[in-house]
Amino acid sequence: EPQGGVKCFINACFVYMNEATRDEGRQMLSYMAIPLAGDVDWDTAGGNRLFVERLGPDYAHIWRSYAVGATPENAYQMDPDNWELNFERTHQHEEDERGLQVYLRSGGADAPRVVYVKQNPQSGLWHAATWHTLFVGVKPPVDPNVEQFN
């Protein structure tokens, strides 16, 4: 399913973010993301700088925000061993060569985010083609030590 391809892609992001499994995460992303395929040094290329930065520890909340129930108020808490994505819908424009659109809801964004996926005709597996809306515009976790005023 296209949604499974998106979940595998985000799982690969989590694996990459962990320093102990960085090499495995690099390989997973190289496999799951069409633009990164075959490039063993994709994470040092200038064109991927923002994506790689968003895979750093200061931005882990962005990726966790897509888990059902993760919000800024609960610091995007989620169980990394048992979580689900909040899929809103899928859509395919006939003339859009970017692929099938899979819309995800982030607990920290006002609008859904889209990942374009394409299916490999040989394997039948779905791979991420474009995902750049995932790592922008997600609210940071709420700091419980900061006074809030209405």
Side-chain angles (χ1 to χ4, degrees), residues 1-72 74-141:
E1 297 292 314
Q3 296 86 351
V6 173
K7 186 164 184 184
C8 286
F9 172 79
I10 293 179
N11 268 328
C13 291
F14 286 134
V15 173
Y16 181 90
M17 285 188 287
N18 182 342
E19 189 69 40
T21 56
R22 172 81 31 92
D23 289 338
E24 291 85 355
R26 183 181 296 110
Q27 291 174 5
M28 290 171 69
L29 284 165
S30 184
Y31 179 75
M32 288 307 307
I34 295 166
L36 308 179
D39 184 359
V40 295
D41 296 321
W42 62 263
D43 54 349
T44 60
N48 296 322
R49 185 183 58 76
L50 184 60
F51 175 51
V52 172
E53 177 183 295
R54 295 302 195 264
L55 291 171
D58 293 339
Y59 298 99
H61 70 279
I62 290 173
W63 305 99
R64 292 192 316 260
S65 80
Y66 293 100
V68 172
T71 65
N74 67 14
Y76 298 108
Q77 294 298 312
M78 47 98 60
D79 179 354
D81 296 319
N82 185 22
W83 60 282
E84 293 181 32
L85 290 172
N86 192 357
F87 293 107
E88 190 165 286
R89 65 186 172 106
T90 59
H91 183 72
Q92 175 73 56
H93 289 288
E94 288 184 29
E95 287 112 31
D96 192 346
E97 294 181 12
R98 293 176 292 182
L100 178 74
Q101 299 170 343
V102 177
Y103 287 84
L104 294 171
R105 180 57 71 172
S106 164
D110 296 329
R113 301 297 192 246
V114 65
V115 178
Y116 287 88
V117 295
K118 292 184 177 182
Q119 190 174 30
N120 180 319
Q122 287 85 14
S123 68
L125 298 176
W126 291 86
H127 298 264
T130 305
W131 60 89
H132 298 93
T133 63
L134 289 181
F135 53 83
V136 295
V138 176
K139 297 170 191 159

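Taking a 6.0 Å sphere around CD of Q92, one finds it holds more than 12 heavy atoms contributed by other residues, nucleotides or ligands. For E84, the CD atom is loosely surrounded, since the number of other residues' heavy atoms within 6.0 Å does not exceed 12.
Considering all non-hydrogen atoms of both residues, G107 and P72 come closest at O-CD, 3.2 Å. The two atoms that bring C8 and M32 nearest to each other are CB-CE, 3.6 Å, heavy atoms only. Between M17 and R22 the shortest heavy-atom distance is O-NH2, 3.4 Å. The two residues P35 and A129 come nearest to each other via the heavy atoms CG-O, 3.3 Å. Between A109 and G137, the closest heavy-atom pair is CB-O, 3.9 Å. A pairwise comparison of heavy atoms in N74 and G69 identifies ND2-O, 2.8 Å as the closest pair.
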Note to self: Could you walk me through whether H93 and R98 satisfy the side chain to side chain contact (heavy atoms under 4.5 Å, CB included) test, starting with their C-alpha distance in whole Å, then the side-chain angles of each, then the deciding distance to 0.1 Å, before giving a yes or no?
What the structure shows: CA-CA 9 Å; H93 289 288; R98 293 176 292 182; 5.8 Å; no
Checklist line | side chain to side chain contact (heavy atoms under 4.5 Å, CB included) between L125 and Y31, intermediate numbers included | finding: CA-CA 11 Å; L125 298 176; Y31 179 75; 3.3 Å; yes
Next item on the list: Kindly determine whether I10 and V115 satisfy side chain to side chain contact (heavy atoms under 4.5 Å, CB included), including the steps that lead there.
Entry: CA-CA 11 Å; I10 293 179; V115 178; over 6 Å; no
Item checked: Intermediate values then yes/no, side chain to side chain contact (heavy atoms under 4.5 Å, CB included), Y116 and L100 -> CA-CA 5 Å; Y116 287 88; L100 178 74; over 6 Å; no
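Summarising the geometry, atom CZ belonging to F9 is positioned 11.0 Å from atom CE belonging to M28; distances are rounded to the nearest 0.5 Å. In this structure, OG1 on T71 lies 7.0 Å from OH on Y76, to the nearest 0.5 angstrom. Here L50 contributes atom CG and L55 contributes atom CG; the two are 9.5 Å apart, rounded to the nearest 0.5 Å.
Under the side chain to side chain contact (heavy atoms under 4.5 Å, CB included) test applied with W83, the options L85, D81, D79 reduce to a single match, L85.
Under the salt bridge (charged side-chain N to carboxylate O under 4.0 Å, His left out) criterion, E24 pairs with no residue at all, not counting sequence neighbours. Taking K7 as the reference, nothing meets the side-chain hydrogen bond (donor to acceptor under 3.5 Å, both in side chains) condition, with sequence neighbours excluded. Partners of R89 by side-chain hydrogen bond (donor to acceptor under 3.5 Å, both in side chains), not counting sequence neighbours: none found.
At distances below 3.5 Å, at least one donor-acceptor pair connects side-chain atoms of T21 with backbone N or O atoms of V15. The main-chain N or O of E97 is found under 3.5 Å from a side-chain atom of K118 such that the two form a donor-acceptor pair. In this structure, R113 contributes its side chain and F135 its backbone to no donor-acceptor pair below 3.5 Å.
Pairs engaging residues 35-47 under the side-chain hydrogen bond (donor to acceptor under 3.5 Å, both in side chains) rule: Y16-D43, R26-D43 [sequence neighbours left out]. For the side-chain hydrogen bond (donor to acceptor under 3.5 Å, both in side chains) condition, no pair includes a residue of residues 119-136, sequence neighbours left out. Here side-chain hydrogen bond (donor to acceptor under 3.5 Å, both in side chains) pairs that include residues 46-68, with residues two or more places apart or in two chains, are S65-S106.
When side chains are defined from C-beta on, Y103 does not count as touching T90, because their heavy atoms never get closer than 4.5 Å.
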